[in-house]
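Data first, discussion second: the structure below is written as structure tokens.
In what follows, residues are counted from 1 in the order of the sequence shown. As the structure lists them, so they are numbered: ligands from 1, and atoms in each ligand from 1.
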Amino acid sequence: MIVLDRCAVSTVDSSGTEHATGHVVVSADGRIASVGSGPAPRPYESHTYVDASSCLVTPGLINTHHHLYQWATRGLAQDATLFEWLTTLYPVWRGLDDTVTHAAASAGLAKLALTGCTLAADHHYVFPSGGGDVFNALVSAGRRIGIRLEAIRGSMDRGQSDGGLPPDNLVEDTEAALIATEQAIGDYHSTADDALVRVAVGPCSPFSVSRELMTGAASLARRHGVRLHTHLAETLDEEEQCLAENGCTPTEYAEQLGWLGSDVWLAHTVHLSSDAVKRLGATSTGSAHCPTSNGRLGTGIAPVRDLLDAGAPVGLGVDGAASNEDGGLVVELRAALHQARQRGGPRSLDVRQALWMATMGGAQCLGRADSLGSIEPGKVADLAVWDLSGMDYAGIADPVAALVLGTAPPLKLLIVGGEVVVRDGVLQTASTDELARDLSAASLKLQEAAR
Ligand SMILES: [Zn+2]
């Protein structure tokens with residue numbers, strides 16, 4: 001059991017309950033035993049007692065969109081549009097194998113843990129022939145670092161000869177992709193409410209996936225009761241291609257294919273008409289908002305305020321590190337707030353709404369709001385304990401403003417289901433020096449293979 005005492009607490013429950021000086025008690029089974037104002041109830045002598053004064057405790061942050069393998073291909077195509085960026089990187093990704101994937105995913109997950117993340121969704125859609133079992137390499141990296149993983153078995157089956165964007169040698173056969181996706185669900189998916197690994201189904205995007213794979217993946221996911229994820233409406237180039245090929249917008253195309261619904265969350269959703277926003281709200285289709293990646297690629301600013309007002313779940317996403325070299329999660333709260341305000345003015349999003357998106361909004365997108373995303377008795381104890389004791393935060397009027405608007409704070413603790421993954425800013429589950437060495441070797445291997 002762990003007692004966090006004398007801390008500020010932002011529970012992110014449905015009432016937005018906060019405690020200026022309070023406590024959180026974690027039970028031996030990794031659940032929240034109690035949370036409230038004032039000192040922790042005694043006796044707690046048999047527990048691990050943490051004096052968390054000068055700390056802010058929030059739910060662990062949830063990352064709803066990533067491509068961890070891209071940690072091995074950072075710094076490339078710096079000034080490109082999305083389609084230029086993809087066509088530059090596809091040949092590099094052709095060299096991806098299980099060793100590179102494990103090194104990149106381990107480093108990427110370590111960075112997420114060190115920036116407050118307790119659950120990460122990773123969309124893996126590159127399966128080069130001869131690359132070994134890259135999906136297993138991803139899942140084992142999640143178990144190694146110790147944060148929860150929504151492992152999305154992605155796919156592409158529409159190469160250039162079929163009018164798609166990826167080269168033919170990087171796509172899978174439609175039927176083979178569906179069989180491998182079903183196999184991944186059987187091998188790794190858990191329905192437990194405190195599952196460390198869940199599997200979702202994720203054909204990559206309309207411009208790299210056939211209509212048959214989109215519909216086949218949707219029915220496969222629904223047959224197994226797992227969630228559906230894809231990229232949608234990220235750029236105007238995508239919209240133009242969709243209008244030319246299908247005579248409709250990406251959102252209309254997704255709806256035709258059965259890809260709107262409360263079991264679906266979509267990455268980006270930047271270019272949406274007001275009707276599309278209403279459809280996402282009416283169908284409770286989630287959005288993974290990735291502000292830094294959208295800024296890096298200059299794709300536009302997603303209508304987050306409109307989506308929230310329409311009742312659509314919105315979470316935050318880091319996106320792959322090839323379009324967001326920082327790869328940390330907490331900085332996305334500020335990026336989301338800034339982008340919303342650039343689009344709609346200073347009252348478009350406040351610091352608590354940014355924190356809500358990074359916690360409960362993410363939990364809703366991933367279908368885990370009953371057990372994760374807020375600090376409430378009985379819920380799973382995924383907690384970020386932010387250390388606000390330094391000069392950067394001295395005297396600041398509001399700890400949540402410190403978290404969202406100030407310097408990204410170090411973590412006193414990151415707790416996943418009662419297990420300590422980060423302590424005093426140090427990852428407890430792996431050596432970051434070793435992760436850096438492996439990542440350098442993996443990046444070099446990919447770059448040399450692409451020459
Ligand atoms: Zn993405």
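- Checked against the 6.0 Å centroid criterion, the rings of H231 and F207 do not qualify as a close aromatic pair.
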Check: residues 404-418 side-chain donor-acceptor pairs under 3.5 Å, at least two apart:
none

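- A ring-centre distance under 6.0 Å is found for H123 and H229.
- Taking the side-chain contact (heavy atoms from CB on, under 4.5 Å) definition, one finds that L297 meets it with L82, W85, E234, S293, T299, S323, sequence neighbours left out.
- Qualifying side-chain contact (heavy atoms from CB on, under 4.5 Å) partners for A312, counting only residues two or more places apart in sequence or in other chains: L280, L307.
- You'll find the ring centres of F135 and H124 outside the 6.0 Å limit.
- Of all protein N/O/S atoms, those lying under 2.8 Å from the Zn ion (ligand 1) come to 4.
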